[in-house]
Amino acid sequence: MSKFKYLKNLLIRGKSHLILGFLLVTLLLFPLLVESQFIIRVVINILIYIVLASSMNIINGYGGMFSIGHAGFYCVGAYTAAIMSTRFGWSFWILLPLSGVMAGIVSFLLLGFPALRLRGLYFAMVTLGFSEVIRLIVLNWITLTRGPMGIPGIPFPTFFGNPIMYNWQFYYIILGIVVLMLFIIRRVLNSRIGRAWISIREDETAASAMGVEVFRYKLMNLFFATFWAGVAGCFYAFYARYISADSFTLDEGFSILAMVIVGGQGSFIGPILGPILLLTLTEIFRGIAQYRLIVFGVAILIVMHLRPGGIASIKLSNIQEIKQKLSVRQDK
Amino acid sequence: MESTLFEIKELCKYFGGVKAVDKVNIKIKKGIIYGIIGPNGAGKSTLFNVLTGQLSTTSGDIYFENKKITNLPPYEIIRLGIARTFQNIKLFKYMNVLGNVKIGFHIQTKTNFWDAIFHTSTYTYDERLTIKKGLEILERVGLADFAYDYALNLSYGIQRKLEIARALAADPIVLLLDEPTAGMNPVETNQIIKFIRQLNQEGLTIIIIEHDMKVIMNLCSRISVLNEGKKICEGIPREVQTDKDVIEAYLGKSNLLKFKK
Amino acid sequence: MFYLQQIINGIAQGSIYALTAVGYAIILGIVNVPSFVHGDVMMVGAFVGYYSVLLFPDNILLVFIIVFAANWFLGIIVDMVCYKRFRNSPRQVMLICTVGLSIFLKSSTQVTFGTQQKLIPNLLGNNFFALGEIIRITYVQIFIVSVVIFTVFLLQILLFRTKIGLSVRAVSMHKSASALVGINVNQAMEFGTCLGCALGGIAGILLGIYYNAVHPLMGGNAAMKAFISVIFGGINIPGAALGGLLLGIFENMGVAFFGSGYRDIVGYVILIVVLLIKPSGLLGRKENEIKI
């Protein structure tokens, strides 16, 4: 590489590091700079959905499967945390990974074994069925989950004996979870496992012919992905302090899917951009939940028709294309 | 004395009433280039698919190095040293060329979740190996310049070469090529012929399905001819060329008679 | 004797499931595209039927014609939005579009018509045939079964004795070969989609009549039943019909033994069992199983 290219590379990398650094600093100082509790709660919400969208993206974007039933995994995580904390006093910090593991195990057993041989639509429908079955179990197994009454009074998490009760504290926790999750996901994707997953996504037959044990890797993918959904569920339970089956309807799964698609399925930043865009949009146009879903439905259709790769697939060249088109129009 | 590498015994694959492969018996010796030809729909690709585990057998057995491998799944077949390419190119389109080859090293590496997350020595070793050996294979095949291009954007001839490169990454004992020169121009075809011959000289046994008679007659020391699922002839090229049944099966294709070595 | 009654109920309910499944099977099996939106298509049919009944309470035939036509038109929209552009794209793109459309239809119906269910007046009254002391066959049940039989009969004629039916079947077997013999593939697939949606509409209004109510979210449940029926019976018309019928019977038997809360569980159990044992369904064919 010529010296010039080397310097240019350094500058580009330096620039992106600068941007990243700036972003990190903003995120760290954010709650100290902002007065409004409302905005902090919105950002916390966005961060929760970043976890959920990344979780679904692992399955849909890297696992060669298509799942719509994410509400179920989220639900298992939340209820595990709620039940273990209200009844047995388990600590938030232990429950975070535990809820994840629980969600992973449940999906492994109920979804993994029966359904993994299915493709496309059929697998998607089964995930839907799974999500509904979880919700029905939660509603009907009253001795375990208090059924439709939900579980109130989830305690505050404690940090070295001090209760965590302010929004800004929850903010730092979820921020930490997001950063840790993205770090882990990135490392896994850039390894033999990630490559095996992408090969399965691209062409299962060829992947298998090259030695990838497709069934096993799909199971791993499912477990890894649903783990994070369970973690998100645990955080949500402690943050909201009350959960019920109403928060885990199919609409949740649809919303998360919309965020994944709009952000860009199969990309790393897609599940970050999607929630940011869609949730900010819906906060600006605060309305009934149904309006939110209309927007999500239309957004999915628009993305599929215009740019199936989502926001993440818009590169610099596309922006230049658009600029050119606009300038031509003005000339006329 | 060359040993028998593959033995296919009374192999049958039926799809309901359709007998795609019907009681086929073939013995393939180690170290040769073996050809499988036949008119369209004769069952050649189906035979490959059964050999490498993509399809299950209806009846019959397959032996590799004298061990029974009937109905093993594809990811175990490749671990035995049997690699293949496909008739319609099955590359990983949204990966770059190097990435496609890296998959071939899946069976030679063992990074698990723990290794990946904590970047253990296993991880670094595996990553170094896949990159180093991947680039080596690309050099060997002549695709080193394309290492970071997306497989989606490559020309047809290069895509075919990449598929072979990917199969080579698994360090196989035998390579099954399904119509490797389909859609290539004469120049590219000659390159592939040279390349396959070279691979064979380096010790790789090759089984090749082809329609291009020039390729088959140039490369293969033994040929089986399939027609409607049955093996109708087997022998050295000259025998096959002049066999009555073969000519009948290819009725209308005078290429077979006109071919000169 | 109680169980015989349940079987009769099961047949009536099963025939509706059969109709929902047949429409779904046409789209999944014949047109060979994924669809997540069939449930909401049925819901639209039910709503159109509801308003038609309000407008023409005495003319049931007209109501059905309106529903069929409206849903046919909906089929054109579904094809345009989800399938037409993507005939040569990966299947997942079509699937995602149908999910988006489904979300849109559900929410816009809720926003426009409210989230409460709307009650359909009992068109045929509560009359029934009585056999012995315990068995009752209501007029509504007879009506539903007749409509379904009649529809499937018409379908057979349409698919096997008309030119367009032949085109649709040809395209379903081999797209490029059909194109080569001069069949307009796009038109045939659009026709198939419209047919599936129109049948879905009829199924939707029948569901409304059977349960006396329509509701913006009824599509989800209906689609799941259709899906289970198709998996159970096989992704073809006779299979779907059989699967639907059996699902109806098993569900009602299950309710008889375990109570009404367990109705939906029967379906899920059947689904899991079929997937584990014979994923191609009762009347399905095991096509080229590429093992992985």
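First the proteins, then the strands, lettered A, B, ... as listed; each starts at 1.
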Student: For Leu128(A), is it the side chain, the backbone, both, or neither that has a heavy atom closer than 4.5 Å to a heavy atom of chain C?
Tutor: both

Student: Heavy atoms only, distances under 4.5 angstrom: which of Ile103(C), Ile231(C), Leu101(C) has the most pairs with chain A? Name it, please.
Tutor: Ile103(C)

Student: Using a 4.5 angstrom heavy-atom cutoff, name the option from Ser255(A), Gly129(A), Ala258(A) with the most pairs to chain C.
Tutor: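 Going by pairs under 4.5 Å, I would pick Gly129(A).
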
Student: Identify which part of Leu95(C) has an atom lying under 4.5 Å from any heavy atom of chain A, answering side chain, backbone, both or neither.
Tutor: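 It is the side chain, since no backbone atom gets that close.
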
Student: If you measure from CD1 on Ile294(A) to NZ on Lys106(C), what distance do you get to the nearest 0.5 Å?
Tutor: 13.0 Å

Student: May I ask you to decide if the ring planes of Phe227(C) and Tyr122(A) are parallel, tilted or perpendicular, using 30° and 60° as cut-offs?
Tutor: parallel

Student: Counting only non-hydrogen atoms closer than 4.5 Å, does Ile261(A) touch chain C with its backbone (N, CA, C, O), its side chain (CB onward), both, or neither?
Tutor: side chain

Student: Could you list which of residues 31-44 of chain C have a heavy atom closer than 4.5 Å to any heavy atom of chain A, in residue-number order?
Tutor: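 So far as heavy atoms go, Pro34(C), Ser35(C), Phe36(C) are the residues that approach chain A to under 4.5 Å.
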
Student: Looking at Met94(C), I want to see if its CE is surrounded by more than 12 non-hydrogen atoms of other residues, nucleotides or ligands under 6.0 Å.
Tutor: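 Above 12, so yes.
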
Student: Considering only heavy atoms, which portion of Arg85(C) lies under 4.5 Å from any heavy atom of chain A: side chain, backbone, both, or neither?
Tutor: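 Contact with chain A: side chain only.
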
Student: Using the side-chain contact (heavy atoms from CB on, under 4.5 Å) definition, which of the options Ile300(A), Leu293(A), Val298(A), Val295(A) pairs with Phe104(C)?
Tutor: Val298(A)

Student: Which pairs pass salt bridge (Lys or Arg N to Asp or Glu O under 4.0 Å) with one or both residues in residues 217-226 of chain C, sequence neighbours excluded?
Tutor: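 Non-adjacent pairs meeting salt bridge (Lys or Arg N to Asp or Glu O under 4.0 Å): Lys225(C)-Glu251(C), Lys225(C)-Asp264(C).
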
Student: Determine the option with the most heavy-atom pairs under 4.5 angstrom with chain A, choosing from Gly100(C), Ser107(C), Cys82(C), Pro90(C).
Tutor: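 Between Gly100(C), Ser107(C), Cys82(C), Pro90(C), the count favours Ser107(C).
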
Student: Would you compute the distance between atom CD1 of Ile265(C) and atom CG of Asn140(A) and round it to the nearest 0.5 angstrom?
Tutor: 7.5 Å

Student: Which of the residues Glu132(A), Arg117(A), Met125(A) is involved in the greatest number of heavy-atom pairs with chain C at under 4.5 angstrom?
Tutor: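 That would be Met125(A).
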
Student: Mind listing the closest non-hydrogen atom pair of Asn60(A) and Gln92(C) along with its distance?
Tutor: O-NE2, 4.1 Å

Student: Check for a donor-acceptor pair, side chain of His305(A) on one end and backbone N or O of Val81(C) on the other, with a separation under 3.5 Å.
Tutor: yes

Student: Considering only heavy atoms, which portion of Glu213(A) lies under 4.5 Å from any heavy atom of chain C: side chain, backbone, both, or neither?
Tutor: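 Neither part.
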
Student: Counting C-beta onward and ignoring hydrogens, is there a side-chain heavy-atom pair between Gln265(A) and Ile96(C) closer than 4.5 Å?
Tutor: yes

Student: For Ile302(A), is it the side chain, the backbone, both, or neither that has a heavy atom closer than 4.5 Å to a heavy atom of chain C?
Tutor: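 Answer is neither: Ile302(A) stays 4.5 Å or more from chain C.
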
Student: Taking C-beta and beyond as the side chain, do Ile272(C) and Phe130(A) meet within less than 4.5 Å on heavy atoms?
Tutor: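 No, side chains not in contact.
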
Student: Taking atom CZ as the centre, does Phe108(A) end up with more than 12 heavy-atom neighbours from other residues, nucleotides or ligands that are less than 6.0 angstrom away?
Tutor: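 Open.
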
Student: Taking every non-hydrogen pair under 4.5 Å, which of Val133(A), Val126(A), Leu110(A) racks up the most with chain C?
Tutor: Val133(A)

